[in-house]
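All chains are named by letter (A, B, ...) in the order of the sequence lines, taking the proteins before the strands, and each is independently numbered beginning at 1.
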Amino acid sequence: MVTIATWNVNSLRVRLPHVLDFLQVHQPDVLALQETKLPDADFPIDAFKEIGLNVVFSGQRTYNGVAIISRAKVNDVITDFPDFVDPQRRLLMAVVQGICILNIYVPNGESVESEKYQYKLNWLSHLTHFIKKQLKKYPDLVVLGDFNIAPKEIDVRNPESWEGKVLFSQPERQAFQALLDLGLVDLFRAKNPTEQAYSWWDYRMNAFKRNLGLRIDHILCSQPLYARSKSGSIDKAPRALQRPSDHAPVIAQFA
DNA sequence: ATGGTTGCAACGCAA
């Protein structure tokens with residue numbers, strides 16, 4: 001069994017104890033992190049090395065930052081799109097046990113009127129092009145992370161109030177569909193066709209207690225991996241801890 | 001009700 005997970009930790013400095021607990025409980029082969037908010041010089045390599053895990057990361061101060069924690073050795077690391085210069089550290093690709101792991105932190109977009117929204121759509125367009133090329137090289141491929149897109153109405157607690165808003169606007173949902181059109185499968189939805197489950201709840205307004213959430217963190221897998229897939233799930237437990245990340249981990253299991 | 005909470009880092013910005 002191969003277990004692959006993703007989690008937006010919203011500061012690895014603050015959430016390191018939660019991450020170590022998660023690794024202990026789930027023993028994933030790969031854990032992709034987003035929003036580490038750490039420059040590479042400050043990454044807590046030893047905390048993972050001590051428990052026998054490998055790490056690669058692409059970080060920056062204060063914002064963004066992605067990392068891959070892995071039981072097996074990590075090869076062929078890429079931190080940038082080949083044709084798009086982006087100072088924001090949002091992409092980290094690596095190959096683990098022959099599986100291409102593409103860890104992404106998609107721009108939030110702020111609001112549909114903002115420049116950041118255009119940056120988000122542009123970023124997604126480059127991502128789609130990049131994945132298309134990687135799929136030819138790596139038949140076993142997962143794209144996972146914080147997509148900042150809820151694909152369907154079922155993925156939003158109050159779809160009426162979110163219609164047209166950032167995270168649920170039609171252009172974003174179309175960009176998500178374009179990823180599926182590459183042949184990728186939204187594993188959580190494929191395994192749980194009617195389950196209303198969320199991966200992010202705003203810190204404000206008691207959103208978690210009221211379950212006012214969105215499913216914006218995803219694990220997409222290529223067809224050969226989908227054929228091996230056993231489950232896709234969201235672990236809500238860490239969101240209920242003291243001083244939690246606002247996101248919950250998403251977990252995939254493969255034979 | 002156009003709010004509210006968190007993290008970073010410096011009292012604003014991003015989410």
Return the value, rounded to whole Å, for the distance between atom [atom1] of [X] and atom [atom2] of [N].
X      : N     : atom1 : atom2 : value
A:D202 : B:dT6 : CG    : P     : 10 Å
A:R204 : B:dT5 : CZ    : P     : 9 Å
A:W200 : B:dT5 : CH2   : C1'   : 11 Å
A:L38  : B:dC8 : CG    : C1'   : 11 Å

query: Does the separation of the ring centres of A:W162 and A:F168 fall below 6.0 angstrom?
result: no
message: I'd like to check A:E35 versus A:L12 (side-chain heavy atoms, cut-off strictly below 4.5 Å). Are they in contact?
response: no
task: Please measure how far the C1' atom in B:dC11 lies from the corresponding atom in B:dG7, and state the result in whole Å.
output: 14 Å
message: In whole Å, measure the gap between the P atoms of B:dA9 and B:dA15 for me.
response: 15 Å
query: Any side-chain N or O of A:S11 less than 4.0 Å from the OP1 or OP2 oxygen of B:dC8?
result: yes
- prompt: If only side-chain N and O atoms of A:R15 are considered, is one of them under 4.0 Å from the OP1 or OP2 phosphate oxygen of B:dG7?
  reply: yes
message: Taking any heavy-atom pair under 4.0 Å as a contact, classify A:E35: base, sugar-phosphate, or nothing.
response: sugar-phosphate
message: Using a 4.0 Å heavy-atom cut-off, does A:Y105 contact any base of the nucleic acid, only the sugar-phosphate backbone, or nothing at all?
response: sugar-phosphate
- request: Could you check A:N8, A:I216, A:D146 and say which one makes a side chain to side chain contact (heavy atoms under 4.5 Å, CB included) with A:W200?
  value: A:I216
- request: Among A:I104, A:D186, A:D217, A:L124, find the one that has a side chain to side chain contact (heavy atoms under 4.5 Å, CB included) with A:F147.
  value: A:I104
- prompt: Whom does B:dT5 pair with, Watson-Crick or G-U wobble, provided both distances fall under 3.5 Å?
  reply: B:dA15
statement: By the Watson-Crick or G-U definition, both distances under 3.5 Å, B:dA10 is matched with none
- line: Checking B:dG7, B:dG4, B:dA15 against the side chain of A:R90 (C-beta onward), the nearest is B:dA15
query: Which listed nucleotide (B:dA9, B:dA15, B:dG4) is nearest to the side chain of A:M205?
result: B:dG4
